[in-house]
Amino acid sequence: MSLHGDYDPQNIFAQIIRGEAPCYKLYEDDDVLAFLDLFPQSLGHTLVIPKRAAARNILEIDPDSLARLMRVTQRLVRVLVDELQPDGVQVAQFNGAPAGQTVFHIHMHIVPRFAGLGLGNHASQKAEPAELEALQARLVKRIDG
Ligand code: AMP
C-alpha cells in the first residue's frame, strides 16, 4: 500500500537532499529545499520538499515541518508569479500512488498555469537541460535579489 509503509532513504528526493543526485536548485535553508521538476507540466513547475522530515506523505510529516514547507512554498509561488507572470498557479500535493504520487518523500508541486496552454502529462516528458538552466538562473536571481 503506497499510502502506508516505510520511508525509503534511497528515494530520489532523499538522494537529492544528501547531494548524491543533482537538481536545478532554486532555494535551500536548514529545513526546506526547492528545485525545478525534471519533467515539468508547465513552465516553472517547481517542487518544494522538507529536508529533515523522513515523511512519505501528509499523514506522516510533523506539523512544524509542514508549516515550514508551506511557508517556503508560498514564498516561491510569489517569486514564480512575479517572474513568469502566469494567469494562474496550482499548488498540489499527492498522497499514495492512486492519488498520483510517484516519489515517496512528501513534496509540494507549484505549477504555473498560462491561459490557453494545457497541462503536460505528469512525470512524463523530460525538459531540456539548457531550458532548465536558463529558468533556474532567472528564478534564483529573483529569489536572491
Ligand atoms: P509525485 O508524482 O507527486 O510524487 O511527483 C513527483 C515529481 O517528481 C514528478 O512531477 C516528477 O516529474 C518529479 N521528478 C522525478 N524525479 C525527479 C528528479 N530527479 N528531479 C526533479 N524532479 C523529479
Side-chain angles (χ1 to χ4, degrees), residues 1-63 65-81 83-84 86-115 117-144:
M1 280 255 287
S2 62
L3 189 57
H4 306 287
D6 294 330
Y7 180 85
D8 175 8
Q10 293 309 322
N11 77 75
I12 183 64
F13 291 174
Q15 293 181 40
I16 289 172
I17 290 167
R18 292 194 299 267
E20 296 166 5
C23 73
Y24 293 91
K25 190 195 306 187
L26 298 181
Y27 173 87
E28 183 169 23
D29 63 28
D30 287 346
D31 301 297
V32 179
L33 176 66
F35 50 92
L36 293 174
D37 197 297
L38 265 194
F39 306 84
Q41 290 184 263
S42 74
L43 178 71
H45 185 168
T46 294
L47 301 172
V48 192
I49 68 175
K51 286 167 59 180
R52 296 175 191 263
R56 291 155 49 95
N57 55 45
I58 200 163
L59 298 171
E60 298 178 359
I61 190 169
D62 63 280
S65 296
L66 183 60
R68 285 190 279 269
L69 184 67
M70 291 309 297
R71 194 183 300 274
V72 172
T73 299
Q74 186 193 40
R75 179 173 168 193
L76 291 178
V77 169
R78 288 174 169 156
V79 166
L80 285 159
V81 168
E83 180 64 27
L84 302 179
D87 303 295
V89 57
Q90 292 175 330
V91 177
Q93 188 272 317
F94 307 140
N95 303 282
Q101 188 173 14
T102 59
V103 177
F104 294 91
H105 177 108
I106 185 172
H107 49 280
M108 301 300 303
H109 291 266
I110 306 173
V111 184
R113 296 299 306 269
F114 300 88
L117 287 184
L119 199 59
N121 286 335
H122 186 55
S124 73
Q125 194 168 355
K126 202 167 184 175
E128 289 297 327
E131 284 174 21
L132 291 174
E133 271 167 36
L135 188 56
Q136 179 191 29
R138 273 175 78 181
L139 294 168
V140 164
K141 198 169 166 191
R142 191 171 276 267
I143 291 165
D144 292 345

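No hydrogens, no waters, no symmetry mates; every other heavy atom, side chains included, goes into these values. One-based numbering, in listed order, for ligands and for the atoms of each. This chain uses plain numbering: 1 for the first residue, then up along the sequence.
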Item checked: Within-shell test, Phe35 vs ligand 1, heavy atom, strictly < 4.0 Å -> yes
Notebook entry, point to check: Do Leu117 and Ser42 have side-chain heavy atoms sitting under 4.5 Å apart?
Noted result: no
Checklist line | 4.0 Å heavy-atom contact, His122 with ligand 1 | finding: yes
Note to self: Quick check on contacts: which atoms of ligand 1 are under 4.0 angstrom from a heavy atom of Ile12?
What the structure shows: 19 (N)
Item checked: contact_flag Phe13 ligand 1 heavy-atom lt 4.0 Å -> yes
Checklist line | Taking every non-hydrogen atom, the tightest pair across Asp8 and Asn11 | finding: O-ND2, 2.8 Å
Checklist line | Centroid-centroid under 6.0 Å between His105 and Tyr7 rings | finding: yes
Margin query: Under a plain distance cut-off of 3.5 Å, with no hydrogens placed, do His109 and Gln90 share a side-chain donor-acceptor pair?
Written below: no
Next item on the list: Compare all side-chain heavy atoms of Phe13 with those of Cys23 and state whether any distance is below 4.5 angstrom.
Entry: no
Check: Considering only heavy atoms of Leu36, which atoms of ligand 1 have at least one such atom less than 4.0 Å away?
Finding: 21 (C)
Notebook entry, point to check: Does some non-hydrogen atom of Cys23 fall short of 4.0 Å from ligand 1?
Noted result: no
Next item on the list: Under 4.0 Å from a heavy atom of Leu38: give me the atoms of ligand 1 that qualify, with their elements.
Entry: 18 (C), 19 (N), 20 (N), 21 (C), 22 (N)
Notebook entry, point to check: Just which atoms of ligand 1 are under 4.0 Å from any heavy atom in Gln101?
Noted result: 1 (P), 2 (O), 4 (O)
Note to self: Test your reading of the structure: does Gly100 have an N or O sitting under 3.5 Å from an N or O of ligand 1?
What the structure shows: yes
Note to self: With the threshold set at under 4.0 angstrom, would you say His107 reaches ligand 1 through any of its heavy atoms?
What the structure shows: yes
Item checked: Nearest-0.5 Å distance, CG of residue Leu33 to NZ of residue Lys25 -> 6.5 Å
Next item on the list: State the atoms of ligand 1, each with its element, that fall below the 4.0 Å cut-off from a heavy-atom position in Leu47.
Entry: 8 (O), 13 (C), 22 (N)
Item checked: Contact atoms of ligand 1, heavy-atom distance to His109 under 4.0 Å -> 1 (P), 3 (O), 5 (O), 7 (C), 10 (O)
